[in-house]
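Below is one structure, written out as structure tokens; the observations come after it.
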Amino acid sequence: MNDDRRAGYTHGHHESVLRSHQRRTAQDSAGYLLPYLKPGLSLLDVGCGPGTITADLADIVAPGPVTAIDQFADVLDVARGEAEQRNLSNVSFATADVERLDMADGTFDVVHAHQVLQHVADPVRALAEMRRVCAPGGIVAARDADYAGFVWFPRLAPLDFWRDIYQRAARANGGEPDAGRRLLSWALEAGFDDVTPTGSLWCYATAETREWWGGMWADRILHSGIARDILRYGLATTAQLEEISQAWREWAAAKDGWLAIPHGEIICRA
């Protein structure tokens with residue numbers, strides 16, 4: 001494993017990104033894990049972001065302790081606010097790198113990561129670290145999207161271009177945007193021999209969900225970290241990003257607009 005590689009976080013934490021992440025719940029983003037949870041379990045939430053999934057998981061395992069980690073202190077402040085708003089007393093927060101966890105072996109009953117492994121330089125190492133801090137017989141769980149599998153209607157050329165340049169920017173940053181299909185392979189390479197792989201979809205096809213997703217990406221492609229990186233790498237011009245933004249608004253306004261996002265999921269026994 002290469003100790004020197006680092007991946008940059010492609011999305012950043014612009015308001016448009018947080019708008020997306022704060023909509024997530026344990027039900028729509030960690031449903032595959034929920035049957036394995038019960039009160040009293042200790043849980044590590046890796047890459048917790050703004051903390052909405054973390055808070056849901058903390059409710060389920062309470063009074064079990066939950067530790068939420070992220071590389072970025074500013075987004076941890078948002079997550080703390082989420083926990084405080086819900087009056088959760090069993091959650092603590094810390095900055096940490098999943099590829100180099102400063103935690104003792106076998107500390108947690110459950111180690112969870114949502115949309116994290118696509119952004120790390122060495123996902124196998126990350127899973128090995130998650131395994132190391134998981135108690136024997138415990139669970140390591142991960143879920144990631146697969147950008148190559150995104151499907152939408154109506155077909156708009158600027159959105160095809162959006163997916164292409166997003167994937168190129170994510171890889172230039174050291175990540176793997178088609179992580180969903182690779183989770184099982186990475187888990188096996190990390191040394192797990194008891195892995196349950198599954199998959200699920202997010203689907204946006206109602207007026208409300210189209211307005212949310214299309215409006216969010218219309219802003220995100222112009223103002224977030226991905227916009228900065230696309231321009232920095234010379235993958236598109238500002239005018240082309242404006243065309244993509246308009247295409248997302250056009251898609252959102254279409255009465256027959258439909259979008260599906262596939263995800264890979266793994267439950268690994270430590």
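For reference, positions follow the sequence shown, starting with 1. Worth saying up front: this structure is predicted, and the values here are computed from it rather than measured.
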Identify, with sequence neighbours excluded, every residue that meets side chain to side chain donor-acceptor pair (under 3.5 Å) alongside [X].
X	answer
Arg86	Asp56, Glu82
Thr209	Thr206
Ser42	Asp109
Ser200	Arg143, Glu265

Counterpart residues, side chain to side chain contact (heavy atoms under 4.5 Å, CB included), relative to [X] (two or more places apart):
X	answer
Asp256	Phe153, Pro154, Ala254
Thr238	Leu231, Glu242
Arg168	Asp164, Leu235
Ala58	Val66, Leu88, Asn90, Val91

> Under the salt bridge (charged side-chain N to carboxylate O under 4.0 Å, His left out) rule, what pairs show up with a residue in residues 146-160, not counting sequence neighbours?
Replying inline: Asp146-Arg181, Arg155-Asp160
>> Tell me which pairs pass salt bridge (charged side-chain N to carboxylate O under 4.0 Å, His left out) where either residue lies in residues 187-216, with sequence neighbours left out.
In response: Arg23-Glu208
>> Between Arg249 and Asp219 (salt bridge meaning N to carboxylate O under 4.0 Å), is one present in this structure?
In response: yes
> Got a salt bridge between Arg100 and Glu129, using NZ or NE/NH1/NH2 to carboxylate O under 4.0 Å?
Replying inline: no
> Hey, what else clusters with Trp258 if you join Ile, Leu, Val, Met, Phe, Trp, Tyr whenever side-chain heavy atoms sit under 4.5 Å?
Replying inline: Val151
> Are the aromatic ring centres of Trp217 and Trp162 under 6.0 angstrom apart?
Replying inline: yes
Show me the donor-acceptor pairs within less than 3.5 Å that the side chains of residues 30-38 make with the rest of the protein, sequence neighbours left out.
| from | atom 1 | to | atom 2 | distance (Å) |
| --- | --- | --- | --- | --- |
| Tyr32 | OH | Ala142 | N | 3.1 |
| Tyr32 | OH | Ala142 | O | 3.3 |

> With distance as the sole criterion, is a donor-acceptor pair present between the side chains of Gln115 and His263 under 3.5 Å?
Replying inline: yes
> Cluster question for you: counting only ILVMFWY and a side-chain heavy-atom cut-off of under 4.5 Å, with indirect links fine, are Leu201 and Tyr147 together?
Replying inline: no
